[in-house]
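Bear in mind that the values here come from a model prediction, so they are computed numbers and not experimental data. Per chain, numbering begins at 1; letters A, B, ... match sequence-line order.
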Amino acid sequence: MSEMPKAYEPREVESQWYAAWLDGKCFEADPSSQRPAYSIVIPPPNVTGILHLGHVLNNALQDILARRARQEGREVLWLPGTDHAGIATQAKVERELREKEGVGRRDLGREAFLERVWEWKEKHGGIIINQLKRLGCSCDWSRERFTMDPEYSDWVAKVFVDLFKEGLIYRGKRMVNWCPVSLTALSDEEVIMKPQKSKLYTMKYELVDAPGEFLRIATTRPETLMGDTAVAVNPRDPRYAGFIGRKVRRPFPEAEIPVVADEHVDIEFGTGALKITPAHDKADFEIGMRHGLEIIDVLHPDGRVNCPGCPELDGLDRFEARGKAAAMLDAMGLLIEVEDYDNKVGFSERAHVPIEPRISMQWFLRYPCVDEAARAVADGDITFRPDRWRKTYAHWMENLQDWCISRQLWWGHQIPVWYRRDKLEELKAAESLDTSDLEAGDIHVGVEPPEDESGWVRDEDVMDTWFSSWLWPFATMGDSGGDSPTLRKFYPTTDLVTGPDIIFFWVARMIMAGYRFAGGPPFRNVFFTSIIRDLQGRKMSKSLGNSPDPVDLMEKYGADGLRFGLMRIAPVGSDIRFDEHQIEEGRNFANKLYNACRFRRMAGEGGGAAPVAGLRSSHVDIMAKLDELADDLVRLYGEYRFGEISQRLYEFLWSEFCDKFLEAVKGDLRDSASEAAKAATLSVFDAVMSRYLQLLHPYMPHVTEELSRRMGYTGDDEFLMLKQLPEASLLANLAEVEVAAARERAGAVYETAGRLRNLKAEYNVAARRDVRFVVRGAAEWLDAESDVLALLAGADSIELDDAFDPPTGTPVSLTPVGEVAMPLEGLIDVEAEKARLSKEVDKIAGEVAKSEGKLGNANFVGRAPAEVVEQERERLEEWRAKLAQLREMLEGLG
RNA sequence: GCGCGGUUAGCUCAGUGGUAGAGCACAUCGUUCACACCGAUGGGGUCACUGGUUCGAACCCAGUACCGCGCACCA
């Protein structure tokens, strides 16, 4: 046994134990095991990402669940991996290339560029994985997966082909969300609506058949005016009844466009007349379809104006063009008003610029197994925690829109579709490439390319990253596209831990994919974590610089400290306000635990054997409390109440074990104490601590493993993390009545000690200065506990003397063990004691009045449950007795 | 506009009908030794507001205010 330094130093300990666990293959899952399975798949982080606090929370929770499941004797698979993160990764590499080499991806060409991305992935892909290891995550790293592994890619292609054959995947020209920076289509989920300070421009269009007469129109986007092909009014709007069917003059490029009637137009808003730009607005597109309007695209893919017919604006960026267009209208005398206007604009999730609604040729998916997936959650086959997310899920499932799955990127799974070269040219010229326009012989959809590739051209698009992620729970377990022992043992997974922000992106889609491709739900429970905010309540973000680096935090406070601190502030269901002080508390807690063990070590050898003989009430009490803790944790884990679990663990060690138990038994460990007393105390310490370390282990794996080994609770070739939780109670050998009696005594002693310390403080007696206490009317068992009481209260001695007649003014406290006097020869301050007693009398009198009022209420006595009333009566009796005694004492002072 | 959360001590949060809690922070005291990453003691709350139900409400119901988050084609 080596020396233990005064303060716990986590760094070395944590890395050593992590290495030891890996060496011992503690994390590896065995599909052939007979134990019941427990499995989690990690929400795969972006392969080139770095750890942030959200990851820490998420993965610490998963680790806690996995470690607890191992202790419960289950065969655990926690399957890790990373996501290729199409747009994010490609954008990173492109930026790097531009900055360092001044080249774009098109300069390199597809193949060369992809090589560079793979290089980047090899170089940076391990970072977040290593950070998860630093955190202590017990993932089965031998099974680490990547969404672009060959086998995984096969699954993605196979799924695409299956869904295509089923008729659920189709290609078509549709209005999609276009990102002018990433130059790709996005799904609806990748668009974030943000409030914007905009301008609402009111302008007027002249009626063709009535020069000098105008129709007033409000718009926020004058720069798309060149694409207007109609003006719409509501058919029920009396103001415009006479305008329907007539034509107005579009100012530039000049054209005559019709006034159409459409229910969609809001009579109340703006002027009640809406300019229709079918190429650049989703609603306008639909109106255009209804009225057979021409679609004029006036924007380039990168957001610049594409309108040679209007040279003043052609080539300008869309926002620049907005001001210019307004100025032009003004110059023509057509701009009536510009007012400030708050509206919401869709932004690209990744590129942080407003998206552009745009007509383009894309691949879409009509979701499979929608009913099964919706029912699974509604019926509780899959449980959501907190439960309220079910509603969010149900709402989305009821309003499913087809998913735009193609992306105009290079990094990702390329669409497994080939077109016959000559046919493709023909269709391109005709600007039409709906799958419906292709005959069977012109298109090849398959995991493998067509036999004679030369005559074919592959679709250039790749799939949305989530189109691979949605297969994650089974594509990581099965052979490509098939069965495997792992899949049979561990699918469906037990728990999924993720953020509610990806309930649509990922969770809902996984459920549908699970039913369609793996024959059932992908998981049984989904635990949605809180979102971590800063102390101002703002979301953590790189740009705000309010996101602390978890690795720094781990260096400062240890991985265990970070984990524990975070768990203590993680409420169920609402947001977390992150405060570094909480992490500091986690570190302090680890140190407290370490020092409790250090104290035990300094007390010397002994203990070990199960505690039986010579038990004190404090011994019994702490063992009973440990049993209670163990039971509570079973319940709390069942309810996924992680914050409360950490709270209970904290309270047990700090308040119960250290502040009460350890202080109470310190006397037994002194050299003057008997061997028997010492042995009993050491064995109780060991019995309680060894179990406590096990209970704490999922939250603080490193320090518990370390201490368990150092204290000899686990052998040299044993791991705490793999040890099963014991079933037997520590108190199995004691009769219930004995336990109850001992606990009552212990409780009384602890409470009395508090009162006496209080008394000392009131009289400014230094806490560590020993004084003499004299007890009158002592509980009959007090003699046996008086040494403990003396120790806890900082007393020189506790005397039991019913005949004791305290000098006038001696402070006396009424305690659960009797009336305790603190004779302070020469220090008595009668006035101070009077004041103290008066204050207490007032307080107790208030309680008595309150209680009497309650019991005097016929309704209370008549209607409240009998036990509640009885409880109240007892309480009143106690208060009254106490009050009487206090008054007597006060009178005694004169 | 619809929906979902939240509002309890200076701060972060517990508290599902029966004496308002914890940690931190604060104040006073204390380093003859497990731990100053510590110990002892103490001060501090109209449980957002208004009504209702109940013998009794932080808790249940209705409404209001403020904060946050989703969803929605008001240009």
Original post:
Can you tell which of G18(B), C37(B), A75(B) lies closest to the side chain of Asn588(A)?
Top reply: C37(B)

**OP:** For Phe504(A) and C4(B), give me the distance from atom CZ to atom P, rounded to whole Å.
**Re:** 14 Å

Subject >> Under-4.0 Å salt bridge between Glu762(A) and Arg836(A) >> reply: no

Original post:
How does protein contact run along nucleotides 19-25 of chain B, one letter per nucleotide 5' to 3', with B for base contact, S for sugar-phosphate only, - for none, heavy atoms under 4.0 Å?
Top reply: BS--SS-

**OP:** Output the distance between atom CG (Leu215(A)) and atom CE (Met203(A)), rounded to the nearest 0.5 Å.
**Re:** 9.5 Å

Subject >> Nucleotide of C37(B), A36(B), C71(B) approaching Ala7(A) most closely (side-chain heavy atoms) >> reply: C37(B)

Original post:
Salt-bridged, Glu337(A) to Arg216(A), with N to O below 4.0 Å?
Top reply: no

Original post:
Do Val526(A) and Val377(A) touch side chain to side chain, with heavy atoms closer than 4.5 Å?
Top reply: no

Subject >> Qualifying residues under salt bridge (Lys or Arg N to Asp or Glu O under 4.0 Å), relative to Lys556(A), sequence neighbours excluded >> reply: Glu580(A)

Subject >> Atom C1', compared across G1(B) and G43(B): separation rounded to whole Å >> reply: 49 Å

Original post:
If you look at every strand shown and take non-hydrogen atoms under 4.0 Å, does Cys658(A) touch a base, only sugar-phosphate, or nothing?
Top reply: base

Original post:
For Phe589(A) and C38(B), what is the distance between atoms CZ and P respectively, to the nearest whole Å?
Top reply: 12 Å

**OP:** Considering only NZ, NE, NH1 and NH2 on the basic side and carboxylate oxygens on the acidic side, decide whether Glu878(A) and Lys882(A) come within less than 4.0 Å.
**Re:** no

Subject >> Nearest-nucleotide pick for Glu663(A), side chain only, options being C37(B), C35(B), U41(B) >> reply: C35(B)

**OP:** Could you work out which one of G15(B), C35(B), G18(B) sits closest to the side chain of Arg641(A)?
**Re:** G15(B)

**OP:** Please tell me which of the listed nucleotides, G42(B), A75(B), C35(B), lies nearest to the side chain of Lys6(A)?
**Re:** C35(B)

Original post:
Are any of Arg388(A)'s side-chain N or O atoms less than 4.0 Å away from OP1 or OP2 of C4(B)?
Top reply: no

Original post:
Does NZ or CZ of Lys760(A) come closer than 6.0 Å to the centre of the six-membered ring of Phe773(A), within 45° of the ring's axis?
Top reply: no

Original post:
Considering only side-chain heavy atoms of Tyr341(A), which listed nucleotide, G18(B), A75(B), C35(B), is closest?
Top reply: A75(B)

Original post:
Any salt bridge between Lys666(A) and Glu663(A), counting N to O under 4.0 Å?
Top reply: yes

**OP:** For A22(B) versus G17(B), give the span between their C1' atoms, rounded off to a whole number of Å.
**Re:** 22 Å

**OP:** Using the C1' atoms only, state how far G70(B) lies from A62(B), rounded to an integer number of Å.
**Re:** 25 Å

Original post:
Of all the choices, C38(B), U41(B), A75(B), which nucleotide is nearest to the side chain of Ala761(A) once you look at every atom?
Top reply: U41(B)

Subject >> Protein-nucleotide distance (Arg221(A), atom CZ; A75(B), atom C1'), rounded to Å >> reply: 11 Å

Original post:
Using a cut-off of less than 4.0 Å, is there contact between a side-chain N or O of Lys592(A) and OP1 or OP2 of C35(B)?
Top reply: no

**OP:** Please state whether the phosphate of A72(B), meaning OP1 or OP2, lies under 4.0 angstrom from any side-chain nitrogen or oxygen of Asn399(A).
**Re:** no

**OP:** Determine the Euclidean distance between corresponding P atoms of A48(B) and U12(B); express it in Å to zero decimal places.
**Re:** 15 Å

